[in-house]
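Ligands are counted one by one from 1 in listed order, and the atoms in each one are counted from 1 as well. Values reported hereafter were calculated over all heavy atoms of this structure, with side chains retained and with hydrogens, waters and symmetry mates removed.
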Amino acid sequence: MKSKKNFEIKLEEHFLAGAPAIYIQSAEEARVDQLLIRLQDKLGLKRIHEWNLGHGWVDFDNKRPLSNLESGKTELEHALLALLDADLEQSLILIKGARLALEHNTLAIARLKQLLNLIERHHAGECSVILVSEAVCIPAPIEAQVSLLTLPLPDREEIKALLAQAAASGQLTVPENLNDQVVSGLSGLTVSEIAQLLRMMGRQAATMDACALKTILHEKEQIIAKSGVLEMVPSVVELDDIGGLENLKHWLEQRSTIIRRLDEATKRGVKAPKGVLIAGMPGCGKSLTAKVAASLFQLPLLRLDIGSLLGKYVGESEHNMRRALSMAETVSPCILWVDELEKAFVGMGGGNASEVTARLLGYFLTWMQEKTGAVFVIATANDISALPPELLRKGRFDEIFYVGFPNAVEREKILSIHLGKSHQTVAELEMFKLVKLCRDYCGADIENAVNEALANAFINGSALTQKLLEDAIQSTIPLRETLRDQVGKYEELFEKLKLRPASEYQGLSVAQMIKMAADPNHVKREEVASNPDCPDDQLEKLAMDSQRTVIKAVYENPRCPERLLSIRINILQSNPQYDLELLELACLNGNAPEDLLIRQINDGTLAKELRAKLASLAKGTNLQQKLAADSDALVRQGLASNRALPEQVLEKFVLDDDADVRRAVGGNLILPESLQFKLAVDDNISVVAALVSNPSLGANVKLQLLEKGASKIKQAFARRPELTVAEQQMLLKNADNPLKLVLAAHPKLAEAIQVQLASDSSYKVRISLAKNLQVTSEVQKTLASDTNADVKIALLGNPALCLSEEAKLKLAKFKIENNSPAARMLNMQRNSGLFGNIAATLYSTEN
Ligand code: ATP
C-alpha cells in the first residue's frame with residue numbers, strides 16, 4: 001500500500017502547505033472520494049463541497065444535487081459564484097471533470113482564479129480546491145497556484161486488501177496458492193475495475209480456481225485494450241522460430257537469465273536490464289523478436305502503439321504516454337513493446353520539433369532513466385533517421401541492434417522454418433537454389449512466397465514442389481525492390497551510426513558492396529567479387545576489371561550469373577580475349593550451363609585436363625553421360641571420383657579397362673557395397689588397395705578382404721585410420737612381417753595387440769611398436785628391457801614416453817653407450833647373427 005500511502009502523505013502536505021488548488025490526475029473518482037474522506041477525518045475538516053459536470057453542486061456524501069443558483073445554471077463558471085459568500089474555513093472544494101469544465105472556458109478559469117486568490121489570501125492551509133480529471137489540463141492563468149498529483153494505480157498491497165475485503169464480505173475467496181497469480185493478474189487495473197471483476201467472479205463461484213484466473217487475464221486484456229494505449233499481445237512463438245539474428249537472440253538469452261532471477265540478481269548488485277532498441281528493415285523480424293522475448297522471459301507482452309498516443313487535445317499525448325507507462329509499471333514484471341517508436345518523433349530531426357513531441361521524448365527518456373519497476377522495453381523502429389540522437393545515445397537502451405535483410409545462411413533458415421510449419425522439406429541441393437532465388441527478400445517476403453506456393457499446391461491438389469516454390473518466389477516482388485530508395489538510405493545510416501548488427505554474419509550490405517566495387521584498392525574489389533551476395537550488375541562490372549585476381553574471383557564466385565559464364569565459355573581460341581585459365585574457372589563454376597559445356601566438348605574446344613576436372617564436379621546427368629563416354633582415360637578417371645554419379649555409371653567404371661579409372665572409382669565414397677564386392681576381387685592389386693582405403697568400405701567387404709586378402713591388401717587395410725580391435729586381431733592372425741610392421745605403427749593400436757607385438761620375434765616390428773605414440777606404459781616397460789639396443793633407442797625417441805625418471809635415465813645412458821660407431825657395428829652384427837652366440841654373450845656382459 002506504499003503508493004497510496006505516499007500519495008496520501010503528499011496530498012496532506014500540499015494542503016497544509018497552503019496550496020490553493022491541487023490537481024489530482026485520476027479517472028477513479030470513487031477512490032479520490034475515499035482519500036478525501038480520510039484527509040477530512042485526519043485534519044478534522046468541516047466539509048467537502050463537491051461540484052460535478054452533470055449536476056453542478058452535489059451533496060458529497062450522497063451525491064444528490066443541491067439547489068444551485070436561482071438561475072438553475074450548473075456550469076462551473078456560474079457555480080463558482082455561490083462560493084463567494086460560502087464559509088471556506090476548514091474545507092475542501094472538489095471539482096470533478098476539471099479538464100472538460102475548464103477547457104476553453106475563460107469565464108470559469110477567471111472565476112476560479114478569483115477563488116484561488118481568495119484562498120491564498122485568507123484561508124491558506126485550511127482550504128484547497130481539489131481538481132480531479134483523468135487528463136491533465138491546467139490553464140495558464142492558474143498554473144502557478146495549482147499543485148499536480150497523479151494518483152497511481154493500486155499496488156500489490158492495495159490489491160491484496162481489496163481481495164481480503166471481498167473474502168470478508170463473502171463475495172469471493174481466493175485460495176492461498178492462487179493469491180500471487182491473482183494479484184499479478186489484477187495489477188494494472190483501477191480499483192473500480194478490480195472491484196467489478198471480483199463481483200463478476202464472485203457471481204460465478206464463491207471460490208476462485210485456475211479457470212477463473214484465465215478469465216481474469218482475458219478480462220484484463222479487454223480492459224487494457226479499452227484504454228486505447230496498450231494492448232496485451234499473446235505470444236506463442238519461441239526462439240527457434242526466428243531464422244538468423246543470432247547476435248540479437250544470444251543477447252536476449254543472456255538478459256533472460258537476469259530477468260528470470262531478478263530478485264537474486266538484484267541482491268548481487270546486478271542492475272535490472274532496461275531494454276533494447278531494434279531498428280532496421282521492415283519485415284525482417286523485429287516484431288517477431290519482441291514476441292519471442294516474451295516467451296523467453298516468461299513475461300506478459302504489452303504493445304504500445306505510439307501512433308495512438310498522439311491525441312488532438314492539448315496535453316492528451318503526454319497524458320496517454322504517462323498512462324501507458326504507469327499501466328506497464330503496475331503490470332510489471334512485463335515487456336513493454338514500443339512499436340514504431342519513430343512515429344512519436346516525426347518532425348523532430350529538422351529542428352522544428354513540436355512542443356508535444358519534445359515533451360513526449362523528454363518524458364519517455366526520464367522514465368527510461370528512472371524506472372525502477374521490472375519493465376523491460378523493446379522498442380522497434382523502421383526509420384532510424386527519424387529518431388532523435390538522444391535516443392540512439394548509449395545508455396538509454398542497454399543495446400541498439402540493427403536488423404538488415406537476411407544473408408544467405410539466414411534465408412535458408414527462414415525458408416526451413418516456414419516450410420517446417422507445414423511439415424515440408426526440400427532437398428539440400430534444391431534449397432541452395434531457393435536461397436539464391438530469394439536474394440534481396442526479407443523474412444516476410446519469404447514467408448509470403450512459401451504460403452503462396454502452399455496455397456497453389458492445395459488449389460492444384462498436388463504436393464508442394466520445387467517448381468511451385470520457385471514460381472512463388474519469382475512472382476513475389478521483394479520489399480527491397482519497393483523500398484529501393486529508403487533501403488539505401490537506411491543502410492547508409494546504419495553504417496554511419498555503427499549500430500550492432502543483429503545477425504552473426506551480417507555480410508556486406510548492397511550499399512557497401514556497390515561502394516567497394518568502385519574502390520581503387522583492388523583487394524576491396526576482389527573481396528566484393530567473391531562475395532556470394534554481390535549483385536549481378538556489380539559482378540558483370542567486375543568481370544571487366546583491370547586486375548586479373550578480381551576477374552578470377554568473379555568466375556569463382558558460386559553465384560556468378562549464367563550469362564557471364566556463357567560469354568566467357570563462348571570465346572573462341574582465335575579471339576584475343578581467349579584465356580585458358582578464365583575459361584577453366586567459368587566451365588568449373590556450378591552455374592555454367594550444361595548444354596553449352598556439352599557443345600564445347602563436341603566441338604573439341606576443351607582440353608582433356610579441363611574435361612577431367614569438369615568430370616570430377618559435373619552434377620547434370622547429360623554432362624556426366626557425355627564425359628563417361630570420353631575416350632580419354634584421364635577424363636573417365638575424373639568422372640569416376642565424382643560424388644554425384646548414378647549407380648549405373650559407377651558400375652561401368654568398375655568394369656573399365658583402365659586400372660586408373662577402376663582405382664578412382666574404388667576410392668569413391670558413394671560406391672555401393674554391391675560394386676565394392678566386384679572391385680574386391682580385381683586382378684590389379686593397386687585397385688583393391690584403393691578400395692580398401694575407401695572410408696565407406698562396407699562391413700561384409702571388409703570381412704572378405706580380412707579373411708582372403710593378400711598381404712599387400714591387408715597392409716593397405718592396416719593403414720585405415722579407423723581399425724576395430726577385432727579387425728586388428730584378424731590382421732595379426734598369420735600376419736607376415738611387412739604387415740606386422742604396418743600394424744605396429746597404427747595410431748589406434750589396441751593394448752592386447754601391443755602386448756603380442758612387444759614379444760614378436762622380429763626386432764624391426766618391436767622398433768615400429770616402440771615408436772608408436774599409442775603404446776601403453778606397461779608395454780613401454782617391456783620394451784625398455786628389450787634385448788635389442790635399437791628397440792630401446794627407438795623407445796627413448798618416442799615423445800609419448802611415460803616411464804619413471806630413473807628408467808628414462810637408464811635408457812639415455814644406454815643410448816650414449818650403445819650409439820657409438822663400434823657399438824652400432826656390434827649391434828648390427830648381432831642382429832644379422834654373424835657372430836651368433838659370441839656377440840650375444842659379449843653384449844650381455846657389457847650390460
Ligand atoms: P515491420 O517493421 O514492417 O513491422 P518487422 O521487422 O517487425 O516488420 P515482422 O513483423 O517481425 O517484421 O515479420 C513479419 C513476418 O515475417 C513474421 O511474422 C515472420 O513470420 C516473418 N519473418 C520475418 N523475419 C523472420 C525471421 N528472421 N525468421 C523467421 N520468420 C521471419
Side-chain angles (χ1 to χ4, degrees), residues 231 233-252 276-296 301 303-308 335 337-344 346 377-387 400-422 424 431 434-435 438-455 472-473 476-483 486-487 489-491 493-494 499 501-507:
E231 174 198 355
V233 182
S235 174
V236 284
V237 278
E238 295 188 350
L239 209 60
D240 289 344
D241 291 311
I242 305 181
L245 311 187
E246 298 300 334
N247 288 342
L248 176 56
K249 285 198 285 191
H250 179 65
W251 188 87
L252 285 173
V276 60
L277 170 59
I278 310 172
M281 299 304 164
C284 288
K286 299 184 297 296
S287 311
L288 183 63
T289 308
K291 291 177 197 159
V292 166
S295 321
L296 190 65
L301 180 64
R303 180 173 169 272
L304 168 64
D305 177 1
I306 285 276
S308 73
I335 295 182
W337 165 25
V338 189
D339 199 12
E340 299 190 278
L341 181 65
E342 72 270 35
K343 275 198 186 161
V346 190
V377 178
I378 297 187
T380 54
N382 284 339
D383 184 1
I384 21 176
S385 66
L387 292 179
I400 303 177
F401 281 98
Y402 176 80
V403 179
F405 280 96
N407 57 45
V409 180
E410 293 182 313
R411 292 199 298 276
E412 180 172 348
K413 287 187 182 155
I414 298 172
L415 269 166
S416 305
I417 288 171
H418 292 291
L419 286 169
K421 281 185 189 164
S422 54
Q424 306 278 348
M431 183 59 108
L434 297 177
V435 168
C438 53
R439 188 168 68 182
D440 285 357
Y441 283 52
C442 67
D445 293 327
I446 298 176
E447 185 188 12
N448 285 344
V450 171
N451 288 343
E452 172 79 11
L454 280 170
I473 293 174
T476 305
I477 299 173
L479 250 162
R480 190 174 201 148
E481 199 61 47
T482 7
L483 301 172
Q486 265 156 291
V487 169
K489 196 177 80 179
Y490 292 170
E491 283 180 346
L493 202 63
F494 154 60
L499 305 184
S503 303
E504 203 164 44
Y505 163 64
Q506 187 64 30

For K286, the option from D339, T380, N382 that meets side chain to side chain donor-acceptor pair (under 3.5 Å):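 Only match with K286 under side chain to side chain donor-acceptor pair (under 3.5 Å): N382.
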Steps toward side-chain contact (heavy atoms from CB on, under 4.5 Å) verdict (E452, N448): CA-CA 6 Å; E452 172 79 11; N448 285 344; over 6 Å; no
Starting from [atom], which protein heavy atom do you reach first, and at what distance in Å?
atom: atom 29 (C) of ligand 1; answer: D241 O, 3.3 Å
atom: atom 30 (N) of ligand 1; answer: H418 NE2, 3.0 Å
atom: atom 2 (O) of ligand 1; answer: N382 OD1, 2.7 Å
atom: atom 11 (O) of ligand 1; answer: L288 N, 2.9 Å
atom: atom 19 (C) of ligand 1; answer: E447 OE1, 3.5 Å
atom: atom 4 (O) of ligand 1; answer: S287 OG, 3.6 Å
atom: atom 8 (O) of ligand 1; answer: G283 N, 2.7 Å
atom: atom 27 (N) of ligand 1; answer: G243 O, 2.9 Å

Which atoms of ligand 1 are found less than 4.0 Å from any heavy atom of [X]?
X: I242; answer: 27 (N), 28 (N)
X: P282; answer: 2 (O), 3 (O), 8 (O)
X: M281; answer: 6 (O)

Ligand 1 to I417 polar contact by distance, N or O atoms, under 3.5 Å: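 So ligand 1 has no N or O lying under 3.5 Å from an N or O of I417.
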N or O contact, K421 vs ligand 1, cut-off under 3.5 Å: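 The answer is no, given that K421 and ligand 1 share no N or O pair closer than 3.5 Å.
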Donor-acceptor contact present, side-chain R411 to main-chain V435, <3.5 Å: yes
Polar side-chain atom of Y441 near backbone of F405 as donor-acceptor pair, under 3.5 Å: no
Atom of N247, atom of P501 and distance for their closest heavy-atom approach: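 Looking at all heavy atoms of both residues, the closest pair is ND2-O, 3.1 Å.
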Closest contact, heavy atoms only, C442 versus P406: CA-CD, 3.9 Å
Salt-bridge present (E410, K413; N to O < 4.0 Å):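 Salt bridge: no.
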D240 CG: over 12 foreign heavy atoms closer than 6.0 Å: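 No, not enclosed.
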T380 to ligand 1, any heavy atom closer than 4.0 Å: no
Partner of L277 under side-chain contact (heavy atoms from CB on, under 4.5 Å), chosen from I378, L387, V377: L387
